[in-house]
Amino acid sequence: MKSQWGDGGSVDVDDTRLEEMTPEPLLTRDYETRPALVYERLRQRHGPVAPVDLLGVPAWLVLGYQESLQVLQDDDGWPKGLENWRARSEGRVPADWPLGPSLEVNHVLIQGGPGYPPLRAAWDVALKPFQDPGHPQARRLKKAVTDYADELISLMGQGGSTGLADLSAQFSRPLPLMVASRLLGFPGSQGDDALMDMWRVLDAGPDAEPALERLLATLAELAAVKLDEPGDDFPSYLIAAHPGLSLDELARELFMLLGMTSDHVGILISNTVVEVISGEGGVRASLSAGMVRETMNRVVMRKPPLVNFVPRFAARDTALGNHTIRAGDPVWVSSAAAHADPLFAGNVCPSTTVSTRAHLSWGAGPRQCPARELASTVASVGVGRLFERFSHLDLALPVDQLPWRSSPFMRGLRSLPVRYELAPVPERRLAYDPATQSAETELPDPSARQRSSLWRYLTGLIRTGR
Ligand code: HEM
């Protein structure tokens, strides 16, 4: 088969079937420590689309920028939905495949087929009040994020006005979790136990499976409550926009929201902090000039939180890169690899004031992230508060020694050790100061915080001394 190049040329396409190949494993030690090198090696060997072994299951990894766009922008040609996966229908995906559990929880990110369009439309409607800057709900959320950030910083400061902290565990991870709890409309901090189960699931330790079961059960209970008594929260808006969803289906959608919010937003916050502290001279200056969003755009492009997207499947035999992808073959778009494609990277000018938005960190095409504004707001408010409240914030480790954690889907910092000094200026507004709390502040009272398992966990992390 011949494949056309963008410049009018053509290339001979390799027709070897995926199941006849013995692709190299993607998730190696090198992938964990130097993913850019792994993507480059694959690109050298196979071109813009490479066969890889994903923990025993073969798949195509899309490394080219153009090829990624080709897939992402054509949902009919490259639909999602595990029912489209030929190897799975033919029983060639092992029942105990480690990636099975995260892909088999069928929700909007994974789903294809006729159920998807109304579900996506409902997500867009349900998120709108939180993302439309003119909506009171969006203003209240932004204020709540500021308050949560201040609370977390004040808690860290209980270890002393100068000290050491793990900014990931003590700020970047809990902040989005608190936001998720608010979006979900958990009363007070009652959802904390459930939310901390999300961390157990994401960390994929031995207690991940029971944690997932508990979490889905709690979310189904929450959905039942919202069905009876709708509130101003995401589950109630989703139910109103898509009344046909069962409790199980609702629980899966809420699980999706919780996972995306708590993991990806946390990664974005930590990565932005590292960029500001260790980046070129201008980064801190641009932050004080109010360009947090611009800094974040550069960060999200250089280090996308979602490095590889969930699989799509060829609707029919299609030439992509130097290979023929057979109908039903799984295709994983890698935003991290696509951003390193010389075709994209070569056109990114590092010295421009405003960086390109043509990157793939939020996806592309009809299935692009619907919560981009929400995620950016939470992260930029959080990062903004950090650099306002701390007069000094420095990495406690050289930047190249920061510990990373990788999964087939995401890449983020495992911890972010910093030395801090709190600014001597009065806090903008202490969350629990009744004199300064406005009517819109809806933080739980301090005694509820003390009862909260999240708060007890965070208090246990406070390090005293220098
Ligand atoms: C820094 C944070 C985030 C990043 C980098 C991010 C990135 C992405 C990307 C790349 C996709 C497309 C995946 C694909 O094409 O397969 C996506 C989809 C999605 N994201 Fe986000 N996301 C973030 C936060 C969130 C949050 C907080 C939510 C929910 C409140 C969310 C909800 C979704 C949903 C529902 C989809 C599926 C859309 C569809 O398939 O139609 N994301 N996200």
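Everything quoted here is computed from the prediction, not taken from an experiment. Read the numbers this way: they start at 1 and go in the same order the structure lists the ligands and their atoms.
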Measuring from the heavy atoms of F234, does anything fall under 4.0 Å of ligand 1?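 For ligand 1, residue contact (heavy atoms, under 4.0 Å) with F234 is absent.
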
Check if K80 has a non-hydrogen atom at a distance under 4.0 Å from any atom of ligand 1.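 K80: in contact with ligand 1 (<4.0 Å).
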
Enumerate the atoms of ligand 1 whose separation from the nearest heavy atom of [X] is less than 4.0 angstrom.
X: L268; answer: 1 (C)
X: V108; answer: 35 (C), 40 (O)
X: L374; answer: 30 (C)
X: L257; answer: 30 (C)

Establish, from distance only, whether the side-chain atoms of [X] and [Y] form a donor-acceptor pair under 3.5 Å.
X: Y65; Y: Q70; value: no
X: T324; Y: D317; value: no
X: T377; Y: R293; value: yes
X: S168; Y: R173; value: no
X: Q73; Y: W78; value: no

Nearest to [atom], what protein heavy atom do you find, and at what distance?
atom: atom 38 (C) of ligand 1; value: R120 NH1, 3.3 Å
atom: atom 41 (O) of ligand 1; value: Y116 OH, 2.4 Å
atom: atom 32 (C) of ligand 1; value: M256 CE, 3.8 Å
atom: atom 15 (O) of ligand 1; value: R312 NH2, 2.8 Å
atom: atom 7 (C) of ligand 1; value: S361 O, 3.5 Å
atom: atom 27 (C) of ligand 1; value: T261 OG1, 3.4 Å
atom: atom 40 (O) of ligand 1; value: R367 NE, 2.9 Å

Start with the C-alpha gap between W123 and F234, add the side-chain angles, then the distance that decides, and say whether ring-ring contact (aromatic ring centres under 6.0 Å, His included) holds. CA-CA 9 Å; W123 262 85; F234 178 83; 4.8 Å; yes

Point-to-point distance, once rounded to the nearest 0.5 Å, from CG of L183 to CG of L127: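 Answer for the CG-CG pair, L183 versus L127, is 8.0 Å.
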
Any non-hydrogen side-chain atom of P118 less than 4.5 Å from a side-chain atom of H242?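 The answer is yes, as the side chains (C-beta and beyond) meet within the 4.5 Å cut-off.
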
In the structure I gave you, are the side-chain heavy atoms of L55 and L27 within less than 4.5 Å of one another anywhere?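 When only atoms from C-beta onward are counted, L27 and L55 do touch, with a gap below 4.5 Å.
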
W199/Y457 under ring-ring contact (aromatic ring centres under 6.0 Å, His included): CA gap, chis, key distance, verdict: CA-CA 12 Å; W199 283 346; Y457 166 77; 5.7 Å; yes

Could you tell me how the ring of Y420 sits relative to the ring of F390: parallel (under 30°), tilted (30 to 60°) or perpendicular (over 60°)?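 Judged by the thresholds at 30° and 60°, the geometry between Y420 and F390 is tilted.
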
Does the plane of the ring in W97 sit parallel, tilted or perpendicular to the ring in W85? Use 30° and 60° as the thresholds.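 Correct class here is perpendicular.
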
Test F409 against W332 for ring-ring contact (aromatic ring centres under 6.0 Å, His included), laying out the working first. CA-CA 10 Å; F409 305 105; W332 298 55; 5.5 Å; yes

Per-residue contact class, I267 against ligand 1 - non-hydrogen pairs under 4.0 Å: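 Contact part for I267 vs ligand 1: neither.
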
Give me the number of protein N, O or S atoms whose distance to atom 21 (Fe) of ligand 1 is under 2.8 Å.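 N, O or S atoms of the protein closer than 2.8 Å: 1.
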
